[in-house]
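Worksheet: one structure, shown below.
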Amino acid sequence: NGRTYAPARYLAEAFGYDVSWDGTTKTVYIQHNSEPMTVTVKSGKVTPADITYVAYRYKSSSFNYDVLVITNKSDYDCCLEVSASYYDATGKLVDIGSDSVAAFAAHSSVAVYNMPDHDFTSVSYSFTVSSVSRYYRTCTQNLKIQYNTTDSSIVGTVTNNGSYTAEFVEVTTLFFKNGKIVDMSSDYACDSADSEYLSAGVSGNFKCACYDPFDTVQVYVDARAGTD
C-alpha cells in the first residue's frame, strides 16, 4: 500500500537513541537526552469470527452452483481459504470443494463459488485465515468498476487508479430474478486479451453474460498485486 517498514530499534540506535520494549502493552520506548517518545504497535489478525458470508445455491442445466459472498469485517487484510463439504439427504458426504482469496482487503466483499458434481441437500463450510503472503498485497481498493446492464449481460470496465499493477482482476456477477439467484458469470479485466495484468492508470473491459431473465445484479471484484 505504498508503505515501507523498518525495524524501530535498528534506526533509533543508529541515531544514538536508547530503545526498550514492553511486550505486555506492545509499546516501543525510544529516548534521547531524557526526551522520551513512545510508539504503540498495532497488532492484530483476522479470525474466522471476522468472516461473514451469504450462500446462494442454484442449478443450471446439469450443473450445481454453490456461491458464497464473503465479507472481511476486520480492520486487517488477510489470505482466506474456503473449504466446503456437501452431503446428501442421508448425511453421506458426496463431494468437497475449495476456493481461496490470496489478498482479501479489510472491509471488503468477494464472491467465490464451487460446482459440486453431485446433488446435495446440505453443506458445511470451513474458513482458514492467515496473513497475506509477502509476495502479494491488496489492490481492490484501487479499482473502480463501471458497467451497463443489457437484457442478457452486464458490460463494463475496471480502472486501476492505484500506483502499481493489479493481477487477475476478476469480476463476478450474480444475477437475480424476484430476489432469487438465477445465474452467475465471471470475466477478467486486463490490459489485453492475452494478459493477466491491469497496469496502473489503465482500464480493462469485461462482460458477464446471463442466459435467464433477471432484474437485479450484484457485482464483486477480486484481485491481487505483487510486491515487486
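These figures come from a predicted structure and were not determined experimentally.
- At least one side-chain heavy atom of I145 sits under 4.5 Å from a side-chain heavy atom of V158.
- No donor-acceptor distance shorter than 3.5 angstrom exists from the side chain of N114 to the backbone of P116, with no hydrogens or angles considered.
- Connectivity analysis of hydrophobic side chains (ILVMFWY, heavy atoms under 4.5 Å, direct or indirect) links L93 to Y87, I96.
- Contacts of A225 classified as side chain to side chain contact (heavy atoms under 4.5 Å, CB included), with partners at least two apart in sequence or in another chain: R137, C139, Y164.
- Under a cut-off of 6.0 angstrom, the local environment of NZ in K177 is crowded, with over 12 non-hydrogen atoms contributed by other residues, nucleotides or ligands.
- Put simply, the side chain of S133 gets close to the backbone of Y135: a donor and an acceptor are under 3.5 Å apart.
- Between the side chains of N64 and D119, a donor-acceptor pair is found at a separation under 3.5 Å.
- A heavy-atom distance below 4.5 Å is found between the side chains of N72 and V46.
- A donor-acceptor pair under 3.5 Å links the side-chain atoms of S74 to the main chain of Y76, judged by distance alone.
- Side chain of D95 to backbone of Y86: no donor-acceptor contact under 3.5 angstrom is found.
- Side-chain atoms of T121 come within 3.5 Å of backbone atoms of A89 as a donor-acceptor pair (strictly under, hydrogens ignored).
- Under the 4.5 Å side-chain criterion, counting only non-hydrogen atoms from C-beta, F175 is in contact with S185.
- Checked by atom type, the side-chain pair T159/N161 shows no donor-acceptor distance below 3.5 Å.
- Looking at D215, its side chain does come within 3.5 Å of a backbone N or O of N178 through a donor-acceptor pair.
- At a cut-off of 3.5 Å, with distance as the only test, no side-chain donor of D183 or Y65 sits close to an acceptor on the other residue.
- Under the 4.5 angstrom side-chain criterion for Ile, Leu, Val, Met, Phe, Trp and Tyr, Y211 has no cluster partners at all.
- Residues E196 and Y188 fail the side-chain proximity criterion, which asks for heavy atoms closer than 4.5 Å.
- Grouping the Ile, Leu, Val, Met, Phe, Trp and Tyr side chains by contacts below 4.5 angstrom, directly or via other members, places I154 apart from M184.
- Between I70 and V82, the closest side-chain pair of non-hydrogen atoms falls below 4.5 Å.
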- Quick one: do D222 and T172 satisfy side chain to side chain contact (heavy atoms under 4.5 Å, CB included)? Show the steps, please. CA-CA 8 Å; D222 182 28; T172 300; over 6 Å; no
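- T150 places a side-chain N or O within donor-acceptor distance of the main-chain N or O of S152, the cut-off being under 3.5 Å.
- The shortest distance between side-chain heavy atoms of Y113 and D66 does not fall below 4.5 Å.
- The backbone N or O of S195 lies less than 3.5 Å from no partner atom in the side chain of D191, so there is not a single donor-acceptor pair.
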